[in-house]
Amino acid sequence: MTVTAAPPIPGGIVAAPLLAATPGWYEECDVVIVGSGIAGLSLALYARTLGYRVMVVTKSRVEHGSTQWAQGGIAAALDEDDSPDDHLRDTLIAGAGLCDEDAVRVLVTQGPGAVRDLVALGTRFDRTAGGDIALTREGGHLRDRIAHAGGDATGAEIVRALVQAVQDDADIVLYEQALALDLLLDGTGAVQGLTLHVMGQGQRDGVGAVLAPAVVLATGGLGQVFAATTNPKVATGDGMAMAARAGAVMSDLEFVQFHPTVMWLGPAARGQQPLVSEAVRGEGAILLDPHGRRFMPDLHPLAELAPRDVVSKAVMRAMREAGAPNVWLDGRRLGAEVWQERFPTILTRSRELGIDPVTQLIPVAPAQHYASGGIRTDLSGRASLRGLFACGEVACTGVHGANRLASNSLLEGLVFADRIAGVLADGLPARRDPVSRPGTPAVIDDAARPLIQQAMSDGVGVLRSGPSIAAAADEIAAVPQQYPAQPATEAWETTNIAAVATILAHQAGARLETRGSHWREDFPEADDQWRLHQATRLVDGELITQSTPLSTPDWKAWHD
Ligand SMILES: Cc1cc2nc3c(=O)[nH]c(=O)nc-3n(C[C@H](O)[C@H](O)[C@H](O)COP(=O)(O)OP(=O)(O)OC[C@H]3O[C@@H](n4cnc5c(N)ncnc54)[C@H](O)[C@@H]3O)c2cc1C
């Protein structure tokens, strides 16, 4: 086992709780869930069946999150010609030797039942003429196993059904515009609630605290850590930063998936960019290099449907060789009817942006899309701190390894929400009073956000090397001194972005190989010695990283 220590975190951006002040109000419940995407909302519904007082807090409107944007669909072995074993095989291949097989087995065997739960809840998936759920194929899948809704509006339909069910349940308390700030710990180090900032909800206005013996972080991804991403504005890595500040183990953050076909809107484009789903390639669209030549069939037997990291790297190479900012996606062969029926959302958005994919090539380039790593959990969604659970994109369950297989993430949120409910069914963790944690808030002004994002895209993006990662880390380390701020929503988020960027750069710098979505130009080959996870934890203000084997931790045994 290797142990590496990073220098102390600059300005305490990971170490200090965001808020040293006393909360103005308190509330109690049994289970508090942060986030209202597929993970948070489905867990709220599962936990309610156990009779607990459940609260969901979400920092924007309830439907805002990555889930709403999901296009392609949700993967599960639903077809009679498919099987969980086949789904397992494809997931392990995409994961490039770094998946935890036990976790993947949980995902693929519980997957079909979890999708049926969604149907029972009222989710309207697209159907075949015979009335079965229509299934399509995406990159890395050797079977048709992607269920979709509204053509390419799967996430919106899932969110519609989940929000409806949560709002119909008068016993689930939902706070919108409620930004979770930090975890509250008791004297034993167990999590006992959180601090949050609520905007404009009567008596609950301003900074308060929710006390609960079970806290679930379902805060989604970290896309806004980078300059260009498919993720919405809310994806600022808050849950990861909160967990890291409290001392939870974080793993696999270096494995950031860059989607190969994100619409390229020019050099000045920033923030969330329009995605052209992999399913468009599944229906027959092909990639052309800047000279108009098809290049994927020479590089991989699955051509345009090779795993995402393979396609992203090939696209980057084609762009680099031609000195061009984008390649082209040719979907003209799909025809107007397929575009309208299968991809109405992408078609409309493209036309709004002045590109008609029925008759024109779409300019595309890779952009940040998905965080495979996050808060390290066991097979039941427990984090390394007692009382803390993580679910959905914020978690590192081990199912994605070095590269997520397309459409496995919605499924992961659903399946592991059910697993967490399984733990809660056995009883809640012990309830104790939280103790206040010392620390000087080191909040970073939002003006630093573009600087951090550009540093990360330039230094820790699709292509990275030791010097480029170190340059990004140095730039981010200087930010707290250069951009001090008073607490405010954007400043809290930017502070979280800086904290997550620091850990991500730390893990990317330490992994001296190329594997999956982690592409080191100075270490271009996979190295068998690196078939392990990195587990990073904040200890006395220093990030300590240990190498851990390819098996899911048993945090219950660790707690006991
Ligand atoms: C454009 C796009 C297309 C995609 N397509 C697919 C697909 O086809 N299939 C697939 O499987 N996956 C897809 N993904 C990935 C998938 O959508 C996400 O991984 C998944 O939806 C994450 O769900 P979640 O519940 O973990 O997080 P989210 O849905 O992102 O929800 C996170 C929630 O946490 C809240 N939150 C965050 N921080 C705080 C805080 N501090 N306090 C309070 N609330 C907070 C947010 O407001 C939000 O409500 C896609 C992603 C994108 C962006």
Side-chain angles (χ1 to χ4, degrees), residues 18 32-44 56-76 111 136 138-139 146-149 152-156 158-159 162-163 174-183 194-198 210 216-224 229-242 257 259 261-263 272-279 282 345-346 349 367-372 374 390-395 400 404-414 416-417 489 492-493 495-496:
L18 284 184
V32 59
I33 299 166
V34 188
S36 56
I38 191 168
L41 294 181
S42 52
L43 180 60
V56 177
V57 301
T58 190
K59 71 178 174 181
S60 179
R61 298 230 323 260
V62 63
E63 64 275 15
H64 289 174
S66 289
T67 303
Q68 187 193 32
W69 291 92
Q71 297 177 341
I74 182 163
T136 189
E138 287 186 311
I146 317 297
H148 46 87
D152 58 359
T154 312
I158 291 175
V159 166
L162 287 170
V163 169
L174 172 68
Y175 281 138
E176 295 182 287
Q177 310 296 345
L179 176 79
L181 300 174
D182 261 310
L183 297 171
L194 46 84
T195 52
L196 73 173
H197 180 251
V198 178
V210 175
V216 185
L217 295 174
T219 48
L222 52 70
Q224 298 293 331
T229 174
T230 63
N231 290 191
K233 207 167 151 273
V234 291
T236 49
D238 298 355
M240 294 182 201
M242 288 167 70
Q257 190 169 75
H259 198 291
T261 53
V262 178
M263 222 181 277
Q272 188 178 17
Q273 307 295 310
L275 173 71
V276 186
S277 165
E278 197 138 351
T345 316
I346 303 172
R349 185 77 186 116
Q368 191 285 345
H369 184 54
Y370 185 78
S372 297
C391 191
E393 191 167 339
V394 71
H400 304 303
R404 174 190 69 131
L405 182 65
S407 287
N408 267 355
S409 41
L410 290 173
L411 189 70
E412 183 193 30
L414 262 187
F416 284 86
T489 302
W492 278 317
E493 287 182 341
T495 308
N496 288 333

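Sequence positions, counted from 1, serve as the residue numbers for this chain. Whatever order the structure lists them in is the order used to number ligands and atoms, beginning at 1.
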Any nitrogen or oxygen of [X], main chain or side chain, under 3.5 Å from a nitrogen or oxygen of ligand 1?
X	value
Asn231	no
Thr67	yes
Ser66	yes

What atoms in ligand 1 come closer than 4.0 Å to a heavy atom of [X]?
X	value
Ala218	32 (C), 33 (C), 34 (O)
Val234	46 (C), 47 (O)
Leu179	41 (N), 42 (N)
Leu275	1 (C), 2 (C), 3 (C)

Among [options], closest by any non-hydrogen atom to [atom]:
atom	options	result
atom 11 (O) of ligand 1	Asn496, Val276, Leu414, Leu410	Leu410
atom 32 (C) of ligand 1	Thr219, Leu162, Val34	Thr219
atom 13 (C) of ligand 1	Ala279, Gly413, Ser409, Ala180	Ser409

Closer than 4.0 angstrom: is that true for some heavy atom of His369 and an atom of ligand 1?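 It does, in that a heavy atom of His369 comes within the 4.0 Å cut-off of ligand 1.
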For Lys233 and ligand 1, answer yes if some heavy atom of the residue is under 4.0 Å from a ligand atom, otherwise no.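 Flag not set, Lys233 not near ligand 1.
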Quick one: look up the protein heavy atom nearest [atom] and list residue, atom name and how far away it is.
atom	answer
atom 9 (N) of ligand 1	Gly73 O, 2.7 Å
atom 44 (N) of ligand 1	Lys59 N, 3.0 Å
atom 48 (C) of ligand 1	His64 O, 3.2 Å
atom 6 (C) of ligand 1	Ala70 CB, 3.5 Å
atom 34 (O) of ligand 1	Gly35 CA, 3.1 Å

Would Asp152 and Thr345 count as a side-chain hydrogen bond (donor to acceptor under 3.5 Å, both in side chains) here? Give the steps. CA-CA 6 Å; Asp152 58 359; Thr345 316; 2.6 Å; yes
What residue among Gln224, Gln273, His259, Gln368 forms side-chain hydrogen bond (donor to acceptor under 3.5 Å, both in side chains) with Thr229?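 That would be Gln368.
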